[in-house]
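Notes follow once the structure below has been shown.
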Amino acid sequence: MKKQLAMKTVAMALMAAAMPWGAVAAPQVFDFKDPKGVNHASFKLDGLLETISGNANGVSGTLTIDVAKPEATAGTILIEAKSLNVENSAMREHMLGKDWLDVASHPAISFTVAGLEGFKMEGDTATAQVKGKFRLKGVEKDIRVPAKVTLLRDKLGARSGGKLQGDLVVLRTEFTIKRSDFGVNPKAPTDKVSDEVLISLAIAGASPK
Amino acid sequence: MRGLLRVLAVLLMGGSALWWVQAGRNPGWTKDQVAVEKLDEITGIGYVEYEKRVVPGVDLLGVAWAAALVLGGASCWFGRKRSGASV
């Protein structure tokens with residue numbers, strides 16, 4: 001009985017290893033809370049007189065990915081607004097303050113994924129247009145952004161030092177928003193602080209088995 | 001006194017310029033923490049960690065040069081002969 005069970009387990013593991021990502025049947029939930037603090041969003045405002053850039057590492061949230069039905073991908077990625085950082089402390093205080101991001105009243109920046117479009121697979125990497133709702137400073141807007149998603153099968157063990165086993169997924173996207181659309185100090189001169197904000201996201205989610 | 005102020009002015013101007021150049025000629029505001037790029041080898045994600053370090057910007061250079069000009073100006077005042085002082 002034990003031998004049969006062991007053989008069945010080995011056979012299932014071999015089948016899973018031989019299957020491309022597209023052949024994995026069940027939806028997987030990936031958690032983007034990263035204990036290593038690697039997950040981050042970066043931003044860049046390239047104004048005429050000044051370029052401002054920074055990062056945020058307070059990333060959390062989950063995505064449910066069903067590769068058999070990728071258009072049904074859903075979930076929310078959250079960024080803790082107060083984790084935004086720049087290389088000048090005074091500038092950071094201004095940025096988090098009431099006129100700009102008002103993090104005391106709006107502690108989270110979120111992207112709620114409503115689905116994928118134009119899903120294309122190449123090996124273990126997929127590209128797609130992600131549609132969803134982006135929420136910043138209490139203002140929510142529908143957006144559609146390009147994304148690259150890579151499955152790292154069975155890499156969770158290596159990343160967690162063997163504590164957990166499972167898959168990782170790496171999601172990368174880059175898109176531009178206008179800060180004035182979200183009420184982020186719309187009166188501020190755009191030659192000093194660009195209205196366009198380039199946002200890049202590079203995050204890894206874990207799906208323990 | 002006049003000579004001392006002028007030497008201080010030149011030292012302040014030269015020293016601040018040298019510090020600014022050696023710290024990487026930062027054309028922006030002074031940084032009090034610096035983003036250090038790192039790489040997570042498993043996921044291939046590049047990320048930054050902030051390190052507490054001062055990198056002078058043009059604002060600090062401007063303040064130092066303004067102070068040097070004030071010292072230079074003061075040196076002229078100290079060297080001036082007071083009118084009516086000599087009889």
Side-chain angles (χ1 to χ4, degrees), chain A residues 30 32 34-47 49-57 59 83-94 124-125 148-161 167-173 192-193 200-206, chain B residues 5 7-75:
Chain A
F30 289 91
F32 287 85
D34 179 18
K36 291 199 164 188
V38 167
N39 283 350
H40 73 283
S42 59
F43 61 92
K44 186 176 180 182
L45 295 87
D46 203 0
L49 300 174
E50 195 177 351
T51 299
I52 300 166
S53 60
N55 293 274
N57 62 3
V59 177
S83 74
L84 269 82
N85 211 346
V86 290
E87 290 178 309
N88 182 297
S89 302
M91 187 184 283
R92 180 173 182 266
E93 292 304 313
H94 279 292
D124 272 350
T125 299
K148 193 168 122 179
V149 185
T150 305
L151 180 73
L152 302 172
R153 188 186 297 284
D154 296 325
K155 291 285 185 185
L156 180 56
R159 196 150 190 268
S160 65
D167 300 333
L168 292 173
V169 71
V170 178
L171 189 150
R172 295 171 200 272
T173 181
K192 285 176 83 177
V193 185
S200 306
L201 204 65
I203 53 176
Chain B
L5 286 174
V7 168
L8 280 177
V10 170
L11 282 177
L12 188 58
M13 197 173 264
S16 60
L18 196 66
W19 185 30
W20 181 73
V21 169
Q22 280 189 331
R25 299 177 194 177
N26 170 24
W29 299 103
T30 296
K31 300 171 183 177
D32 54 10
Q33 53 180 3
V34 179
V36 180
E37 289 190 16
K38 305 215 168 174
L39 180 74
D40 180 61
E41 300 211 342
I42 305 281
T43 60
I45 294 176
Y47 64 104
V48 300
E49 279 182 0
Y50 287 91
E51 209 172 75
K52 290 281 178 197
R53 178 155 46 100
V54 175
V55 178
V58 287
D59 54 333
L60 208 64
L61 195 63
V63 168
W65 282 34
L69 284 173
V70 169
L71 286 175
S75 77

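Letters go in sequence order (proteins before strands), and every chain restarts at 1.
At most 12 non-hydrogen atoms from other residues, nucleotides or ligands lie less than 6.0 angstrom from NZ of B:Lys38. By the neighbour-count criterion of 12 heavy atoms within 6.0 Å, atom CH2 of B:Trp29 is sparsely surrounded, having that number or fewer from other residues, nucleotides or ligands.
Chosen from A:Ala158, A:Ser89, A:Ser42, A:Ala90, the residue pairing most often with chain B at heavy-atom distances under 4.5 Å is A:Ser89.
Heavy-atom distances place both the backbone and the side chain of B:Val34 under 4.5 Å from chain A. The contact between A:Ile203 and chain B is made entirely by backbone atoms, counting heavy-atom distances below 4.5 Å. For A:Asn57, no part lies under 4.5 angstrom from a heavy atom of chain B. Proximity to chain B involves both the backbone and the side chain of A:Val38, based on heavy atoms less than 4.5 angstrom apart.
Formation of a donor-acceptor pair under 3.5 Å by the A:Glu87 side chain with backbone atoms of B:Ala35 is found in this model.
At a threshold of 4.5 Å between non-hydrogen side-chain atoms, the residues A:His40 and B:Val48 do not count as touching. Put simply, the side chain of B:Tyr47 does not reach to within 4.5 Å of the side chain of A:Asn55, judged on heavy atoms.
Smallest separation of non-hydrogen atoms from A:Val86 and B:Gln33: O-NE2, 2.7 Å. Between A:Leu168 and B:Ile42, the shortest heavy-atom distance links the atoms CD1-CG2, 3.9 Å. A pairwise comparison of heavy atoms in B:Ile45 and A:Ala204 identifies CD1-N, 3.7 Å as the closest pair. Of all non-hydrogen atoms in A:Leu152 and B:Thr43, the two that sit nearest each other are CD1-CA, 3.9 Å.
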